Participant: 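Quick one: this structure, given as structure tokens, is what I'll be asking you about.
Since the model is a prediction, treat every value here as computed from it, not as a measurement. Numbers for residues simply follow the sequence, beginning at 1.
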Amino acid sequence: MTKAPQTKIHWMGGTACFILLAYSLLTIMIMTLMGGPPDTIEQVFAILNENRISGLLRLDVLTVFVMPLYYLLFYSLYIALKNSDQALAAFSMILAFAGVTLFLATPSVFSYLHLSDKFAAATTDFHRNQLIAAGEAIFASDMWHGTGAKVGGLLLQTGALLISVLMLRSNIFNKTIAITGLITHGLDLVHIIIGFFLPSIGDMLMFIAGPMYLLWFPLVGLRLYKIRTAKD
């Protein structure tokens with residue numbers, strides 16, 4: 001690959017980092033000002049019927065549009081690190097790609113939107129109960145509760161952790177970036193694993209790992225921009 005396409009890839013990867021940073025900050029604001037995702041399907045229907053925009057935001061509609069940026073990010077990291085260890089860089093990227101794809105394949109907020117419209121228009125308890133049952137099935141398999149999403153998270157975080165190990169071994173990224181990545185993605189990975197058995201402890205680990213992304217994204221983004229400048 002020539003230098004010109006590589007510099008564009010690094011620019012896209014760096015830009016993806018800062019969009020992901022903005023998304024993370026917006027998510028924190030939404031959870032603080034509007035509240036987190038609802039706990040039951042009845043609450044899902046209620047918030048969507050009360051205020052559609054607020055409901056969509058609380059149901060993480062932004063995630064559906066932002067998650068594909070991880071493809072750009074991990075491809076740019078692969079290009080930056082492949083000369084250090086091409087096999088490990090490629091394996092990490094494949095894991096991350098598989099994880100994002102599985103995550104995006106799970107039902108999302110748009111499935112709820114369709115059912116909530118039908119629920120609002122339902123005229124009998126029988127019809128409403130049918131829609132609630134359908135909603136419960138989606139709720140159990142959506143991008144935060146379903147097996148596909150959980151496995152996708154495991155693959156994504158494993159890929160990110162391996163990329164951080166490779167960063168530590170290379171001279172492309174400094175140790176601060178590498179160690180920040182090891183802590184961030186290590187905690188996120190453990191949070192997913194422990195969450196299967198001890199959800200409260202898993203949530204506690206995510207409470208620590210979450211803010212670390214606010215540091216990891218800009219550090220990686222700035223470094224990708226510098227790599228791009230150095231190759232111009």
Side-chain angles (χ1 to χ4, degrees), residues 20 23-24 26-28 30-71 95-160 185 187-210 213:
L20 286 163
Y23 155 76
S24 300
L26 273 172
T27 300
I28 292 172
I30 289 167
M31 293 186 69
T32 302
L33 300 175
M34 298 181 181
D39 297 319
T40 66
I41 192 63
E42 290 88 352
Q43 290 177 4
V44 171
F45 291 161
I47 64 172
L48 285 173
N49 288 322
E50 182 180 341
N51 186 318
R52 178 159 295 200
I53 294 176
S54 175
L56 288 172
L57 290 173
R58 285 186 61 186
L59 288 166
D60 292 314
V61 67
L62 296 178
T63 302
V64 179
F65 299 102
V66 171
M67 282 299 291
L69 292 174
Y70 276 105
Y71 290 124
L95 285 177
F97 278 22
V100 173
T101 303
L102 272 175
F103 188 87
L104 291 173
T106 56
S108 69
V109 59
F110 298 111
S111 303
Y112 293 132
L113 196 59
H114 174 70
L115 288 178
S116 73
D117 288 340
K118 287 183 172 292
F119 186 81
T123 56
T124 66
D125 288 339
F126 177 75
H127 193 195
R128 281 190 285 268
N129 288 335
Q130 282 186 317
L131 292 168
I132 288 173
E136 290 286 0
I138 294 174
F139 194 80
S141 60
D142 69 6
M143 61 183 181
W144 300 119
H145 304 99
T147 301
K150 297 291 186 183
V151 174
L154 287 171
L155 293 174
L156 174 59
Q157 296 306 324
T158 301
H185 301 294
L187 285 172
D188 207 346
L189 179 61
V190 174
H191 134 260
I192 296 172
I193 296 171
I194 291 182
F196 286 115
F197 312 102
L198 299 168
S200 59
I201 296 178
D203 291 342
M204 190 183 305
L205 290 173
M206 192 59 213
F207 183 77
I208 301 170
Y213 282 96

Participant: Could you check Ile41 against Leu115 for side chain to side chain contact (heavy atoms under 4.5 Å, CB included), going step by step and ending with a plain yes or no?
Facilitator: CA-CA 10 Å; Ile41 192 63; Leu115 288 178; 5.8 Å; no
Participant: How many angstroms lie between CZ in Phe103 and NZ in Lys150, if you round to the nearest 0.5 Å?
Facilitator: 10.0 Å
Participant: Gly55 and Leu48: which non-hydrogen atoms are nearest, and at how many Å?
Facilitator: C-CD2, 3.8 Å
Participant: Looking at every non-hydrogen atom in both residues, tell me the closest pair between Gly148 and Leu102 and how far apart they are.
Facilitator: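 So the two residues come closest at O-CB, 3.7 Å.
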Participant: Using residues 128-135 as the side-chain source, report each donor-acceptor pair under 3.5 Å to any protein atom, sequence neighbours left out, with the distance given to one decimal.
Facilitator:
residue: Arg128; atom: NH1; partner: Ala122; partner atom: O; Å: 3.0
residue: Arg128; atom: NH2; partner: Asp125; partner atom: OD1; Å: 2.8
residue: Asn129; atom: ND2; partner: Asp125; partner atom: O; Å: 3.2

Participant: For residues 193-207, which side-chain donor-acceptor pairs fall under 3.5 Å, sequence neighbours excluded?
Facilitator:
none

Participant: Could you work out, with side chain to side chain contact (heavy atoms under 4.5 Å, CB included) as the rule, every residue matching Ser24, not counting sequence neighbours?
Facilitator: Leu214, Phe217
Participant: A quick test of your reading: do over 12 heavy atoms of other residues, nucleotides or ligands sit less than 6.0 Å from CG of Leu33?
Facilitator: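 Check passes, neighbour count above 12.
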Participant: For Asp188 and His191, test the side chains for any donor-to-acceptor distance below 3.5 angstrom and give the result as yes or no.
Facilitator: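 Yes.
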Participant: Got Val61 and Phe110 here, is their nearest side-chain heavy-atom distance under 4.5 Å?
Facilitator: yes
Participant: The test is side chain to side chain contact (heavy atoms under 4.5 Å, CB included); show your working for Phe139 and Thr40 and say whether it passes.
Facilitator: CA-CA 8 Å; Phe139 194 80; Thr40 66; 5.9 Å; no
Participant: First locate atom OG of Ser116, then atom NE2 of His114, and finally report the distance between them rounded to the nearest 0.5 Å.
Facilitator: 9.5 Å
Participant: Please evaluate residues Thr27 and Tyr213 with respect to the criterion side chain to side chain contact (heavy atoms under 4.5 Å, CB included), reporting the C-alpha separation (whole Å), side-chain torsions for both, the decisive distance (0.1 Å), and the verdict.
Facilitator: CA-CA 12 Å; Thr27 300; Tyr213 282 96; over 6 Å; no
Participant: Hey, could you give me the CD1/OH distance between Ile47 and Tyr112, rounded to the nearest 0.5 Å?
Facilitator: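 Ile47 atom CD1 to Tyr112 atom OH measures 10.0 Å (nearest 0.5 Å).
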Participant: Whether the side chain of Arg58 engages the backbone of Gly36 through a donor-acceptor N/O pair (distance < 3.5 Å, no angle test) should be reported.
Facilitator: yes
Participant: Just how far is it from atom OG of Ser141 to atom CD of Glu136, taken to the nearest 0.5 Å?
Facilitator: 11.0 Å
Participant: Given the rule in the side chain to side chain contact (heavy atoms under 4.5 Å, CB included) test, do Leu95 and Leu156 qualify, once you have shown the distances and angles that lead to the verdict?
Facilitator: CA-CA 6 Å; Leu95 285 177; Leu156 174 59; over 6 Å; no
Participant: With rounding to the nearest 0.5 angstrom, report the CG to CD1 distance, Leu57 to Ile30.
Facilitator: 4.5 Å
Participant: If you define the side chain from C-beta out and look only at heavy atoms, does anything of Leu155 sit under 4.5 Å from Val151?
Facilitator: yes
Participant: Can you tell me how far apart CE (Met67) and OG1 (Thr101) are? Round to the nearest 0.5 Å.
Facilitator: 9.5 Å
Participant: How about Val109 and Asp60: do any of their side-chain heavy atoms sit closer than 4.5 Å?
Facilitator: no
